[in-house]
Amino acid sequence: MAPTTVLTGARVVLPTGIVDDGRVIVEGTRIAATAPGQAEPLDASGHWLVPGFVDIHNHGGGGTSFAGGTAEDVLRGVRTHRLHGTTTVVASAVTGDLAFLARHAGMLAELAQQEEIAGIHFEGPFISPCRKGAHNEELLRDPDPAEVRKLIDAAHGHARMMTLATELPGGLDSVRLLAEHGVIAAVGHTDATYEQTVAAIDAGATVATHLFNAMPPLGHRAPGPIAALLEDERVTVELINDGTHLHPAALQLAFHHAGRDRVAFITDAMDAAGFGDGRYMLGPMEVEVADGVARLVEGGSIAGSTLTLDRAFRRAVTVDGLPVEDVVAAISANPARLLGLDDRIGSLEPGKDADLVVLDAEFALKGVMRRGEWVVDPQLG
């Protein structure tokens, strides 16, 4: 018989709301509806039980890179984020030579086939030099649909998302191509106008890559991409809630206009996440991390984050004052739905993968379970 774990007494966040003194039953790798009589319950009183976190935009962690590292490097980074509650992660690439990106996608596709990662996100090279952020301008290019198709093919069915400056030549055709192949087209690192962004959404774009960052600011005469992305019900907006990328008022603005069902918390993490300050490489770009903030050595642009999703969760509740149910939607349910994996992950329901996070009363992480096995044992009595 499959091993059974019964967690009792916690505040459990379900799709229908919060259940006090709730119970979650795990049988083998899945959440079960009923438990056998001999199962010994674990008392989780004073804790929260929430679904495992889902990160759709992540470049690395634990001192290693998803964007250019070996398979072993990627696995080390994945394990680092699992220790912080992220039970599902998409590996994000950064701008590079097209041939290298294709080769690297092949390696990442093997890890996706093994279900170590949930797929591949290409952030660049099809982005605007005006809003390049921490991307190498010499390697940027217009989004040629033929080259977009090359990267899709290199991912062997595991391309999940591609970030584009859709105003560039070939941008709208590339969005349509991505949509036809079931790959999320994300608007980001863009200098688009409001009208150009609306056209991209109408062509099939459904995600805003780290909203507010690497795009024109909201203006009262030229509202730009932010207004178009916030107002359209078809778009999910990514937010980096680390206290550096966004002012709390900007986060509140996004939640107010997009609503809890159209926000996805991401890390945009780079190698230093879960590791520490120092010098790192983000693709071909050198990064200095000081006091947990990553910036390019040359130019000083913010270069991803050192965020982990447990910190994003805790900040959202304790600093931003968001309801716990809204945070769970943004950190688990919504990204799971975007990936088309919400039949397996993203909520605590019978039949789904036993991915869950145990938080204490102050929302500090105490335990992580992935597919029925403790990654971080909460030592419950």
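Since this is a predicted model, take the numbers as computed values, not measurements. Along the sequence shown, residues are numbered consecutively beginning with 1. Just so you know, these numbers use all the heavy atoms, side chains as well, and skip hydrogens, waters and symmetry mates.
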*State whether the side chain of Arg11 and the backbone N or O of Asp20 hold a donor-acceptor pair below 3.5 Å, judged by distance alone.*
no
*Where the side chain of Arg315 meets the backbone of Asp242, is there a donor-acceptor pair that is under 3.5 Å apart?*
no
*Heavy-atom closest pair, residues Ala105 and Phe122*: CB-CZ, 3.8 Å
*Sub-3.5 Å donor-acceptor pair from the side chain of Ser305 to the main-chain atoms of Thr267, do we have one?*
yes
_Step-by-step side-chain hydrogen bond (donor to acceptor under 3.5 Å, both in side chains) determination, Asp360 to His47_ = CA-CA 4 Å; Asp360 69 13; His47 294 78; over 6 Å; no
*In this structure, are over 12 heavy atoms from other groups packed under 6.0 Å from Arg23 atom CZ?*
no
*Donor-acceptor contact below 3.5 Å, side chain Ser174 vs main chain Gly170*: yes
*Polar side-chain atom of Lys352 near backbone of Asp342 as donor-acceptor pair, under 3.5 Å*: yes
_Between His257 and Glu231, does the side-chain hydrogen bond (donor to acceptor under 3.5 Å, both in side chains) criterion hold? Intermediate values first, please._
CA-CA 7 Å; His257 285 278; Glu231 72 183 9; over 6 Å; no
Which pairs of donor and acceptor atoms, one on a side chain in residues 197-212, lie under 3.5 Å apart (sequence neighbours left out)?
residue: Thr197; atom: OG1; partner: Thr193; partner atom: O; Å: 2.8
residue: Asp202; atom: OD1; partner: Arg234; partner atom: NH1; Å: 3.4
residue: Asp202; atom: OD1; partner: Arg234; partner atom: NH2; Å: 2.8
residue: Thr209; atom: OG1; partner: Thr163; partner atom: OG1; Å: 2.8
residue: His210; atom: ND1; partner: Asn213; partner atom: O; Å: 3.3
residue: His210; atom: NE2; partner: Glu123; partner atom: OE2; Å: 3.2
residue: His210; atom: NE2; partner: His189; partner atom: NE2; Å: 3.4

*Give a yes or no on whether the backbone of Thr306 and the side-chain of Arg311 come within a donor-acceptor separation of less than 3.5 Å.*
yes
*Side-chain heavy atoms under 4.5 angstrom apart, residues restricted to Ile, Leu, Val, Met, Phe, Trp, Tyr: same cluster for Leu164 and Val187?*
no
*Closest approach of Val89 and Glu116, non-hydrogen atoms and distance?*
CG1-O, 4.4 Å
*Answer yes or no: is there a donor N or O on one side and an acceptor on the other, between the side chain of Ser332 and the main chain of Gly52, under 3.5 Å?*
yes
*By side-chain hydrogen bond (donor to acceptor under 3.5 Å, both in side chains), which residues pair with Asp268, not counting sequence neighbours?*
His57, His59
*Report, as yes or no, whether the 6.0 Å neighbourhood of atom CD on Glu373 holds more than 12 heavy atoms from other residues, nucleotides or ligands.*
no
*asked:* As an exercise, state the distance from CD of Glu167 to CG of Asp142, rounded to the nearest 0.5 Å.
replied: 9.5 Å
*Hey, what do you get for CD1 (Ile184) to CE (Met161), rounding to the nearest 0.5 Å?*
6.0 Å
*Applying ring-ring contact (aromatic ring centres under 6.0 Å, His included), which residue pairs with at least one partner in residues 264-297 are found, sequence neighbours left out?*
Phe255-Phe265
*Walk me through it: do Asp153 and Lys150 pass the test salt bridge (charged side-chain N to carboxylate O under 4.0 Å, His left out)?*
CA-CA 5 Å; Asp153 291 345; Lys150 180 178 180 179; over 6 Å; no
Which atom pairs, one a donor and one an acceptor, fall under 3.5 Å between side chains of residues 67-79 and the rest of the protein, sequence neighbours left out?
residue: Thr70; atom: OG1; partner: Glu72; partner atom: N; Å: 3.4
residue: Thr70; atom: OG1; partner: Glu72; partner atom: OE1; Å: 3.4
residue: Thr70; atom: OG1; partner: Asp73; partner atom: N; Å: 3.1
residue: Thr70; atom: OG1; partner: Asp73; partner atom: OD2; Å: 3.2
residue: Asp73; atom: OD2; partner: Thr70; partner atom: N; Å: 2.9
residue: Arg76; atom: NE; partner: Gly62; partner atom: O; Å: 2.9
residue: Arg76; atom: NH2; partner: Gly62; partner atom: O; Å: 3.0

*Where the side chain of Ser347 meets the backbone of Glu349, is there a donor-acceptor pair that is under 3.5 Å apart?*
no
*asked:* Are there over 12 heavy-atom neighbours, none belonging to Gln113, within less than 6.0 Å of that residue's CD?
replied: no
*asked:* With salt bridge (charged side-chain N to carboxylate O under 4.0 Å, His left out) as the criterion, how do Arg314 and Asp310 come out once you've worked through the C-alpha distance, each side chain's angles and the decisive distance to 0.1 Å?
replied: CA-CA 6 Å; Arg314 190 176 191 184; Asp310 58 330; over 6 Å; no
_Taking Phe126's backbone N and O only, do any of them form a donor-acceptor pair with Arg141's side chain (distance below 3.5 Å, no angle check)?_
no
*Sorted by first residue and then second, give each side chain to side chain donor-acceptor pair (under 3.5 Å) pair with at least one member in residues 95-111; sequence neighbours left out.*
Thr95-His135
*asked:* Is it the case that the side chain of Asp353 and the backbone of Asp355 share a donor-acceptor pair, with hydrogens and angles ignored and the cut-off at 3.5 Å?
replied: no
*If you take all heavy atoms of Pro145 and Asp173, which pair is closest and at what distance?*
CG-CB, 3.8 Å
*If you round to the nearest 0.5 Å, how far is CG of Leu341 from CD1 of Ile56?*
11.5 Å
_Candidates Arg279, Arg295, Met270 - the one meeting side-chain contact (heavy atoms from CB on, under 4.5 Å) with Val289_ = Met270
*Flag the pair Lys132 / Glu137 as yes when at least one side-chain heavy-atom distance between them is below 4.5 Å, and no otherwise.*
yes
*Which residues satisfy the side-chain hydrogen bond (donor to acceptor under 3.5 Å, both in side chains) test with Glu115, sequence neighbours excluded?*
Arg371
*Would you say Asp291 has more than 12 foreign heavy atoms packed within less than 6.0 Å of its CG?*
no
